[in-house]
Amino acid sequence: MAFPRPRPARPELPRKHVRTIECGQGAVRAVRFNVDGNYCLTCGSDKTLKLTHPMCLLQKVNCVQFNEEATIIVSGSIDSTVRCWDCRSRRPDPVQVLDEAKDGISSLKLSASEILTGSVDGRVRRYDLRAGQLYSDYVGSPITSVCFSKDGQCVLAASLDSTLRLLDKETGEMLGEYTGHRSTSYRLDCVLSEQDTHVGSASEDGNVYFWDLVEGSLALTLPVGRGVVQSIAFHPTLPCLLAATEGCVQLWREDTLPAPGGVLSTPE
Amino acid sequence: MAADSSDGEEEDLVNYGTALQPLQEGERIKKPVPLQEQTVKDAKGRYQRFHGAFTGGFSAGYFNTVGTKEGWTPSAFISSRQKRADRTVLGPEDFMDEEDLSEFGIAPKDITTTDDFASKAKDRIKEKARQIAGVVAAIPGTSALDDLIGPSKITIGVELLRKMGWKEGQGVGPRVKRKPRRQKPDPEVKIYGCALPPGLSEGSEDEEDEYQPENVTFAPKDVMPVDLTPKENVHGLGYKGLDPSQALFGASGREHLNLFAADSEDPSNLIGDVRNNRRRKLGITGQAFGVGALEEEDDDIYATETLSKYDTVLKDEEPGDGLYGWTAPKEYRSKKRSETEVKYIGKILDGFSLASKPSAPNKIYLPPDLPRNYRPVHYFRPVIAAGNENYHLQKVLEESTGKLGSDATQQSRHALNASQRREQLGETVLKGPAPSVLEYLSEKDRERLKEVKQASEQQMKAKMLPQQPRNSRFQPASPDDASHKWQMLLGGQLANAGSSDFKPFARDPEKQRRYESFVKSLKQGEKVDTLERYLDPNMTEWERGREQEEFFRAAMFYKSSNSALASRFTRAKYEDDADKVEVPRDQENDIDDKESAVKMKMFGKLTRDKFEWHPEKLLCKRFNVPDPYPESSIVGLPKVKRDKYSVFNFLTLSEPTTSVTQDTNERKQENNSVSKPKKPSRWDISDKEKEKKDSISEFISLARSKADLLQKPPVPTTEESGTKAAETLPSEADNENKDQEQEEESRPSMDLFKAIFVSSSDEKSSSEEESDEEQQPSTSVVDSETTGQAGLPGSSSSNIQDSVAVKAEPGVSSLPASKQEQNNAEEFGPKLPPSFSSGSTWQQETVVPASSPGPGRKEKHKKSREKHKTKRDHKHKKEKVLN
């Protein structure tokens, strides 16, 4: 008899604004957590990266990602290529260039053996290294953001038709569709919550929207700011959200958090 | 003793040796020192041992300490514990004494000539020693044989001279042709080893000449084309297997037997003194070769070869075989040469030798019988396409070819075109591009003409449609329409297309031939069914359709090949390999189908493309993933080579126009609706998506009901279901026309022009204008049709949109391509089915999947099945679309 498993915590959503970090690097184009969620990396329009302690990014390169062992950096850029850089050998040229996309790469994610890219040509491409296959799913409208679900079975793709689609990774079938936010011209992020219970997306109306993953119903609207919420990132283990808007990053936690700012300290 | 005895008396006696000490009285005679106690000292006073085999050979150990109490001490002891790394490797020198390294020691340190550079004149002592050793050895004669077989050594001087161009048999200086000296070697004096450089033997040359045939010349002696054939057998080096016939009988009558060559006719060969008359089979048997079954006498095979049989004196003559120690292969031996020498009369060039094998005689074919009226004079008449532009050229050529040219033109009087007639009449050439007849007409007349044309076209179509039920619905576009359209479109331009010396398919002569006959018949205005017979009958229907389309296009683009430009270019003499481009084997395409699938929210198989993808090995390693294709060297998607400038690489399907119309449509709507302050970014997408969806669902439901109607009377699901279908689906006519428009108006990409740049640009532009002009009235006609039928159930909102788009067309047709691209992702109108995108196939196909009343999922299955059916077609289409 093993220990009884702890009762799964009720799925929580970050409903409370904890702090705003002034990044001072122009418009924050992307904000990301690192693997354990202790740092956040922001990439600003002034081509700088800032690693800040609360929880963590790059420039005309649209998106970057480490692989799990941080041995490869994969970057997707506006020139429609995905480049894999070797961190170990420090070669100046990429290990491999994935130039299958017909238009700029807007988003990319890595899993243990997969590279998931979303391109403005309206396709979600998944390079499976283990199987040696490239799966290309046509969504139609330019993809702004893609992400894997935590269980690795699904792919969430946000596109410029103001729709988030949850696609089955293996077959490409659509499992869910989430609408309600506005995404027509900016590259906005979509996230899955830490327990895969909810789907979140930034919006151009200054809110962050959360939908129930299964039902597809709108669960929460977070008023983040007046401008476009450009980038959001969900903490890998906690109900904790980073949202970048207009040059600053906001940290949102769950309601039950005892003291605001108790866990996190202001980095700068 | 003897000296002692005679001592004193005779002084002239000579003393030998040293006298012993006179014995003292009473002294006993000393005992001789026993052997083991005799010592010898070296130059430095050290004791040298007389050594036996077990005491270490020469100066054994450290000061002969081997075997003594002190034992043997190495030069230095190094504890390997600390200095394991720099442990010195001891060579033999470390165990030698200084004397050994001195001049007369066993390893002299002085600079001496090594074997490589030693003179080949061997020192006699060594030679002698070896001879003796050879006699004494277990197998007598071995060493001598070794010597014989071993490669000859050439002194460094000779080698240097050779490097400078000097060759043996040649004096130093410019080369002189000389006759070969086929000297008979002295049978008594045998030569082995190396001969001296042959300059010494020149004196003998002259006397030998008289033995040679007068009219035969030879390559100079020095050129030794030693044929170094690679060794392919498992025999020993230089050994040639026993050829029984030659070994037993073939060799008889020869002077000598060769040890290694089956037929040894060479004089003074290796074992030169083995006489034929003794008939010993030494040549093959040799030493310890054993007895062959075929050999008759076996008494003598183990006879010892002593060196006395060989010559030990180097004669000052070259061996005469010109081989200088090479055991050259048989081919070079002079047997063949002697034959060919007799046969071949004439000089042999330096550096060449006669072929060992005569080449197979050429088969001679008798010339064909000449016709009676054949005149053996040929006038070159270049093929010039008749045309306005190269009138000058033609004239010049006619002048150059003389009268015959004009003869020819007179003969083909009926084939004259206007320009030729003009030339004959002596009229001046009109300036500027060739005017179209239409340009002389007034605006009104032109329009009227076109209307008449349109009407006749419509009539014709109406007539032909019911006649030809298509058995294949996968044909890209109805060829009837196509051909008519093309014929109309090309019109006069076609007249020149075939006659040009410009070959669009020159790479594929078969295709070019088909193309030419095709165009010729097209010019004569034949119908498509007859046109089809020029196409390759082995092809599938789809391919034929495709090729026909290609021919049409090519005819249009190559029409003006006889232009002034054409004469300025010549065909490339060498094929450049650069006209192949690497194209990914699999392409993502069929945007149409995917688009429609997305519209219907049928994600899954329809929207998914799956490709083989080869990750970089390092990438796999970094991801801790085994390489899925360990043996392949490909990275990325597998690529295939394609023709860079295939016409089909640049033919686009009718998409751009769709987006153009869509664009205008959208613009209109934007203008009407509340215009939002939206930045024109590439992320833009129309926010009309939702409205469109509504219209689509509406359309689908309509289509379904229509399909139900259609299913009751069994209408064959063909591409063209006759005029009736065309009437019931009024949008079809619309689509057709639209399609037609698209094909005509979509400008090919710049690359295409590059590919076939020879065509003149001005003519084309004028033709395009014409086609545009022709087109406008037709659309207006159709517009009126569709709007007239707007009340019918088939006309959905999308149809109305269509017509709107068509109306808006002329104004926007020149939209920049970038705009089109931007809107490429969008879809317009009822472009539903995944598999059929072009032409009139749309409408019918939307009906088919919709006819199954099942909801979403079932529909999808059906779809996918359908997709399977048409998969092959898709493949082709893929190539077509996205090359």
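When reading the values below, keep in mind they use all heavy atoms of this one structure, side chains included, and skip hydrogens, waters and symmetry mates. In what follows, chains carry the letters A, B, and so on, assigned in the order in which the sequence lines appear, proteins first and then strands, with residues in each chain numbered from 1. Just so we're clear, the structure is a prediction, and the values are computed from it rather than from any experiment.
Listed here is the closest heavy atom pair of A/A112 and B/V625: O-CG2, 4.5 Å. Summarising the geometry of A/G132 relative to B/P615, their closest heavy-atom pair is CA-CD, 4.3 Å, with the distance given to 0.1 Å. Taking every heavy atom of both residues into account, A/A131 and B/P628 meet most closely at C-CB, 3.8 Å. Taking every heavy atom of both residues into account, B/R608 and A/K169 meet most closely at NH2-O, 3.1 Å.
Only the side chain of A/L98 comes within contact range of chain B, with at least one heavy atom under 4.5 Å from a heavy atom of that chain. Only the backbone of A/T171 has a heavy atom closer than 4.5 Å to any heavy atom of chain B. With a 4.5 angstrom heavy-atom cutoff, A/L175 does not touch chain B via any of its atoms.
A distance-only check finds a donor-acceptor pair linking the side chain of A/Q96 to the backbone of B/E616 [under 3.5 Å].
Atom CD of residue A/E100 and atom CH2 of residue B/W613 lie 8.0 Å apart, to the nearest 0.5 angstrom. Atom CZ of residue B/F623 and atom CZ of residue A/R130 lie 11.0 Å apart, to the nearest 0.5 angstrom.
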